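What follows is a single structure, written as structure tokens, with notes after it.
When a residue number appears, it is its place in the shown sequence, counting from 1. One-based numbering, in listed order, for ligands and for the atoms of each. From a predicted model like this one, the values you see are computed outputs, not experimental measurements.
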Amino acid sequence: MNILVTNDDGLFAPGLRALVEALLPLGTVWVVAPEREQSAAGHAITLHKPLRMDPVQLNGLGVEAYSSNGTPADCVILGCLTAATRPDLVVSGINKGANLGEEVLYSGTVSAAMEAALQGLRAMAVSICSYDTEDFSAPARAAVLLAGPVLEAVLPDDCFLNVNVPAVPWNELTGVEITHLGRRAYINAVDRREDPRGRPYYWFTGEPRESRSGAGTDIGAVNAGRVSITPVHFDLTSHETGPRLEEAARVLNEGIGPR
Ligand code: MN
């Protein structure tokens with residue numbers, strides 16, 4: 001198995017190292033990751049400056065690894081376009097901090113997996129639900145166990161797995177749940193401060209408020225100590241809304257007039 005690993009916490013983040021170490025027995029593991037943290041970079045790609053992909057050593061791991069000045073999505077594209085062999089699987093993580101509900105839209109970790117799916121590759125994003133842990137053993141083990149089945153599974157096009165693992169030891173996990181995305185409405189608070197020259201600057205400070213965290217959601221699963229696996233695809237179309245827009249389309253069409 002040829003596995004490309006990336007993340008958004010940066011190439012030297014301990015979560016990436018733990019993931020690479022764990023995946024090594026499965027085959028060839030190589031890394032293209034951002035040179036510095038890019039959490040909340042979303043799915044941005046770089047079009048207006050040169051991209052670098054410099055070979056680096058990950059101490060003691062002996063894997064091919066590249067440091068990039070690009071975003072997580074850039075890293076996946078660069079990896080896929082420059083590699084001699086297309087990866088069988090792309091794993092993004094292990095992210096420090098959960099990626100639940102609408103966080104998938106902001107997350108560089110999740111966007112890297114999304115980019116891989118768009119490139120026609122099997123992919124998963126793996127996150128641990130804590131910012132305060134150095135123990136990545138449970139999510140690393142989950143990634144290893146999932147790698148084979150994810151490769152074998154019949155998945156629709158443009159689909160990948162978003163995996164969130166509670167920050168507890170492996171033997172304290174209470175199970176696994178296939179989930180859908182919940183909703184964590186952030187209280188959109190902003191601190192307004194002044195710089196030394198008297199000009200205002202702003203700092204987001206919102207705390208998540210779990211407004212949709214019930215049965216079947218990713219948030220509910222991890223709150224109950226279960227590993228959450230959410231199949232995610234890129235199609236943001238609101239399919240059920242289409243029929244409700246017929247009147248709007250009719251008005252617009254009338255405005256366009258006969259041709
Ligand atoms: Mn991150």
Side-chain angles (χ1 to χ4, degrees), residues 3-23 29 31-46 51 53 56 58 65-79 89-118 123-143 146 160-168 181-184 186 203-208 210 218-219 221-222 227-230 232 234:
I3 307 171
L4 171 61
V5 169
T6 190
N7 74 351
D8 78 357
D9 290 344
L11 182 66
F12 297 103
L16 180 137
R17 189 181 177 86
L19 181 61
V20 170
E21 259 174 329
L23 292 172
V29 180
V31 178
V32 184
E35 63 193 1
R36 58 175 62 95
E37 182 171 353
Q38 299 256 2
S39 292
H43 205 128
I45 57 169
T46 303
L51 282 170
M53 195 176 136
V56 289
L58 290 176
Y66 300 90
S67 165
S68 175
N69 59 342
T71 64
D74 285 330
C75 289
V76 171
I77 298 170
L78 279 172
L89 179 68
V90 176
V91 187
S92 181
I94 297 164
N95 187 64
K96 204 181 244 198
N99 278 309
L100 300 163
E102 74 267 41
E103 286 163 352
V104 301
L105 297 175
Y106 303 105
S107 166
T109 306
V110 176
S111 295
M114 171 75 86
E115 183 55 46
L118 294 178
M124 58 179 161
V126 183
S127 306
I128 186 162
C129 301
S130 167
Y131 291 101
D132 300 320
T133 183
E134 294 303 319
D135 180 7
F136 296 93
S137 57
R141 200 160 163 188
L146 282 170
F160 65 95
L161 303 187
N162 184 40
V163 181
N164 282 277
V165 180
V168 297
L181 296 176
R183 182 88 160 84
R184 296 181 114 181
Y186 278 77
W203 206 287
F204 293 146
T205 57
E207 285 294 321
E210 296 176 355
D218 52 355
I219 300 168
V222 299
V227 175
S228 165
I229 305 177
T230 313
V232 178
F234 100 97

Fill in the blank from the handout: Report for the Mn ion (ligand 1), protein N, O or S closer than 2.8 Å, by chain and number, lists D8 OD1, D9 OD1, S39 OG, N95 OD1
Practice task
Could you pull out all residues at least two apart from E207 that satisfy side chain to side chain donor-acceptor pair (under 3.5 Å)?
Solution key: none
Practice task
Can you sort out the partners of S127 under side chain to side chain donor-acceptor pair (under 3.5 Å), two or more places apart, ordered by chain and number?
Solution key: N99
Practice task
Using a strict cut-off of less than 4.0 Å between a Lys/Arg side-chain nitrogen and an Asp/Glu carboxylate oxygen, indicate whether E102 and R184 qualify as a salt bridge.
Solution key: no
Practice task
Can you spot which of I94, D8, N7 makes a side chain to side chain contact (heavy atoms under 4.5 Å, CB included) with L16?
Solution key: N7
Handout entry: With sequence neighbours excluded, residues passing side chain to side chain contact (heavy atoms under 4.5 Å, CB included) with T205
Key = A189, D191
Practice task
Report yes or no: does S111 contribute a side-chain atom to a donor-acceptor pair with the main-chain N or O of G42 at less than 3.5 Å?
Solution key: yes
